[in-house]
Amino acid sequence: MRVLITGGAGFVGSHLADAWLARGDEVTALDLAPDTKVRHLREHPGFKVVRASVLDRDILEGLVARADLVYHLAAVVGVEHYVGDPYQVLTVNINGTQEVLTAAFRHQTKVVFASTSEVYGRNTRVPFDEDSDRVLGSTAIDRWCYATSKAAGEHFCFAFARMGLPVVVLRYFNVYGPRLDQMDRGRVVTIFMGQLLRGEPLTVIGDGAQTRCFTYVDDAVRATVAAGLRPEAVGRAINVGSDEEVSVRELAARMVRIADSASLVISVPEEAVYDRGYEDIPRRVPAVGRMRELLGVEAEVPLDEGLRRTIEWFKRQ
Ligand code: UDP
């Protein structure tokens with residue numbers, strides 16, 4: 001099979017490329033980012049990177065024409081972007097998704113769309129099943145532009161599905177692992193990682209009682225491969241996550257313990273990390289029944305084990 005992965009040089013995309021190549025399939029990654037995360041694949045005969053934007057219509061069209069399956073992962077991701085550059089988030093995520101779906105529709109090629117648990121927003125009724133309400137704050141808060149952009153992408157997916165295109169929507173829950181963002185940047189695991197490896201205090205925002213279900217990348221990738229293969233998944237939105245819920249304070253404590261570090265865990269106000277336009281989500285927990293039933297996948301890597309592997313990987317960098 002010839003698999004096109006937009007965002008294939010990114011964090012989840014690079015692991016997904018590894019998984020398809022390991023099955024003996026061919027992978028083309030379309031990505032604007034430098035190819036650092038797929039450097040190990042440079043000599044692989046089944047792998048190719050095209051350095052361009054999903055908004056480059058001619059290049060996208062040519063790549064979709066040659067693919068049997070399209071994963072659309074290319075997006076502007078990370079809270080620092082939501083609050084720092086909402087224009088890019090909205091443009092790339094909404095228009096990029098429309099472009100990919102339009103090209104795939106022309107060739108009747110199945111699309112798996114990477115959406116996010118962020119679409120549920122700050123709904124306080126957990127666990128979130130796939131039909132749960134979306135509860136977002138005011139548009140004056142930049143943070144919500146990402147959830148809005150991904151929800152618009154999902155609506156586009158379902159609109160194309162109505163016209164007959166096979167699509168699957170995956171909502172990822174805080175995926176982490178080797179090759180996540182650069183240390184000190186992006187998501188909480190990499191921000192804590194930089195602090196941890198320098199022996200500095202880990203900066204928990206607020207009281208740290210907010211919770212997440214961190215999902216090890218190998219588990220997320222098994223679900224993502226299954227979504228590309230299984231006919232039962234077509235036309236559905238599916239949560240991809242672990243249901244092991246931890247508070248952010250507990251996450252920090254575990255990282256310190258696993259790394260055997262002397263770092264302290266301190267509480268900071270949100271302005272110490274994000275300038276403005278930030279609003280936190282109190283609890284985020286997936287219902288995982290649909291993932292189990294439609295994809296045949298359950299999260300298998302416990303948080304401690306996943307953190308141990310991730311810390312080891314960052315130490316080696
Ligand atoms: N967080 C934190 N300290 C930091 C960065 C983030 O306590 O230095 C918290 C953040 O407030 C949130 C959680 O970690 O509650 C996860 O944040 P992240 O940006 O990774 O993703 P989110 O799940 O909010 O999209």
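Side chains included, hydrogens not; waters and symmetry mates left out as well; all remaining heavy atoms used. All figures in this text were calculated on a predicted structure; none of them were measured in a lab.
Within the 4.5 Å cutoff, side-chain heavy atoms of Val301 are placed close to those of Arg309. For the pair Leu101 and Leu165, the minimum side-chain heavy-atom distance is below 4.5 Å. Looking only at side-chain heavy atoms (C-beta outward), Thr215 and Asn174 stay at 4.5 Å or farther from each other. Counting heavy atoms from C-beta on, the side chains of Val246 and Thr211 never come closer than 4.5 Å. Side chains of Arg122 and Arg283 form no contact here, defined as non-hydrogen atoms less than 4.5 Å apart. A 4.5 Å side-chain heavy-atom check between Ile238 and Val169 finds every atom pair outside the cut-off. Annotation: side chain of Tyr120 is not in contact with side chain of Val126 (no heavy-atom distance under 4.5 Å). Between Ile266 and Val204 there is no side-chain heavy-atom pair separated by less than 4.5 Å.
At distances below 3.5 Å, not a single donor-acceptor pair connects side-chain atoms of Thr91 with backbone N or O atoms of Gln88. Using modelled atom types, one side-chain atom of Thr6 and one backbone atom of Leu73 make a donor-acceptor pair closer than 3.5 Å. Judged purely by atom type and a 3.5 angstrom limit, Glu232 has no side-chain atom pairing as donor or acceptor with the backbone of Leu295. A donor-acceptor pair is defined here as one N or O able to donate and one able to accept, closer than 3.5 Å; such a pair exists between the side chain of Asp129 and the backbone of Asp131. Of the possible donor and acceptor atoms, one in the side chain of Gln108 sits under 3.5 Å from a partner among the backbone N and O of Phe105. Of the possible polar contacts, one joining the His15 side chain to the Pro178 backbone as a donor-acceptor pair under 3.5 Å is found. Not a single donor-acceptor pair under 3.5 Å links the side chain of Asp35 to the backbone N or O of Val38. Listed for the Gln210 side chain is a donor-acceptor partner under 3.5 Å among the backbone atoms of Ile205. Between the Tyr71 side chain and the Thr224 main chain, a donor and an acceptor come within less than 3.5 Å of each other. Judged by distance alone, the side chain of Asp181 and the main-chain N or O of Arg187 form a donor-acceptor pair under 3.5 Å.
Shown here for Val288 and Gly241, the closest heavy-atom pair between the two residues is CG1-O, 3.4 Å. Nearest approach of Leu21 to Asp25, heavy atoms of both residues: CD2-O, 3.4 Å. Residues Leu229 and Lys110 come closest through the heavy atom pair N-NZ, 4.0 Å. In terms of heavy atoms, Val256 sits closest to Val265 at CG2-CG2, 4.1 Å. Between Thr97 and Gly153, the shortest heavy-atom contact is CG2-CA, 3.8 Å. Taking every heavy atom of both residues into account, Ser247 and Ala209 meet most closely at CB-O, 4.0 Å.
Under a 4.0 Å N-O distance rule, the pair Glu80/Arg185 qualifies as a salt bridge. Checked for salt-bridge contact, Arg308 and Glu312 miss the test: no charged N lies under 4.0 Å from a carboxylate O. Contact check on Arg143 versus Glu279 returns no salt bridge, with no Lys/Arg side-chain nitrogen under 4.0 Å from an Asp/Glu carboxylate oxygen. With respect to Arg222 and Glu300, a salt bridge is recorded, a charged nitrogen being found less than 4.0 Å from a carboxylate O. The pair Asp18-Arg179 counts as a salt bridge, with a side-chain nitrogen and a carboxylate oxygen less than 4.0 angstrom apart. Salt-bridge check for Asp304 with Arg254: passed, with a basic side-chain N closer than 4.0 Å to an acidic carboxylate O. Electrostatic pairing of Asp207 and Arg249 does not count as a salt bridge here, judged by no charged N lying under 4.0 Å from a carboxylate O. Using a 4.0 Å cut-off between a side-chain N of Lys or Arg and a carboxylate O of Asp or Glu, Arg212 and Asp280 qualify as a salt bridge. A salt bridge does not link Arg51 with Asp31: every distance from a Lys NZ or Arg NE/NH1/NH2 to an Asp or Glu carboxylate oxygen is 4.0 Å or more. With respect to the salt-bridge test (charged N to carboxylate O, under 4.0 angstrom), the residues Arg171 and Glu130 do not qualify.
With hydrophobic clusters built from ILVMFWY side chains whose heavy atoms lie under 4.5 angstrom apart, Val248 shares a cluster with Leu202. Clustering ILVMFWY residues whenever any of their side-chain heavy atoms sit less than 4.5 angstrom apart, transitively, puts Leu41 in the very cluster that holds Trp313. Note: the hydrophobic cluster containing Tyr82 does not contain Val189 (ILVMFWY, side chain heavy atoms under 4.5 Å, direct or indirect links). Following chains of ILVMFWY side-chain contacts shorter than 4.5 Å, one can reach Val225 starting from Tyr216, so the two form part of one hydrophobic cluster. One hydrophobic cluster, built from ILVMFWY side chains closer than 4.5 Å, cannot hold both Val92 and Leu32; they sit in different ones.
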Evaluate side-chain contact (heavy atoms from CB on, under 4.5 Å) for Asp68 paired with Thr109, printing each intermediate quantity in order.
CA-CA 6 Å; Asp68 304 308; Thr109 309; 5.7 Å; no
Step by step, work out the side-chain contact (heavy atoms from CB on, under 4.5 Å) result for Arg125 and Asp133.
CA-CA 9 Å; Arg125 288 201 195 173; Asp133 288 338; over 6 Å; no
Trace of the side-chain contact (heavy atoms from CB on, under 4.5 Å) decision for Thr116 with Tyr146:
CA-CA 9 Å; Thr116 171; Tyr146 178 68; 3.7 Å; yes
Passes side-chain contact (heavy atoms from CB on, under 4.5 Å), Glu99 versus Leu60? Steps please.
CA-CA 8 Å; Glu99 292 291 337; Leu60 180 69; 3.8 Å; yes
Audit row: Lys150, Glu154, salt bridge (Lys or Arg N to Asp or Glu O under 4.0 Å) steps and yes/no:
CA-CA 6 Å; Lys150 285 291 184 178; Glu154 290 196 16; over 6 Å; no
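Here Tyr176 contributes atom OH and Leu303 contributes atom CG; the two are 4.5 Å apart, rounded to the nearest 0.5 Å. Atom CZ of Arg292 and atom CG of Asp243 lie 8.0 Å apart (nearest 0.5 Å). To the nearest 0.5 Å, atom CG of residue Leu170 and atom CZ of residue Phe113 are 10.0 Å apart. In this structure, CG on Asp56 lies 9.5 Å from CG on Leu63, to the nearest 0.5 angstrom. With rounding to the nearest 0.5 angstrom, the CE atom of Met183 is 5.0 Å from the CG atom of Leu197. Rounding to the nearest 0.5 Å places OH of Tyr87 at 13.0 Å from SG of Cys145.
Gln195 and Ser263 are not linked by any side-chain donor-acceptor pair at a separation below 3.5 angstrom, with hydrogens and angles left out of the test. Between the side chains of Asn123 and Arg134, no donor-acceptor pair of N or O atoms lies under 3.5 Å.
Under the 6.0 Å distance and 45° angle rule, Arg42 does not count as a cation-pi partner of Phe47.
Heavy atoms from other residues, nucleotides or ligands lying under 6.0 Å from NE2 of His155 number 12 at most. By the neighbour-count criterion of 12 heavy atoms within 6.0 Å, atom CZ of Arg57 is sparsely surrounded, having that number or fewer from other residues, nucleotides or ligands.
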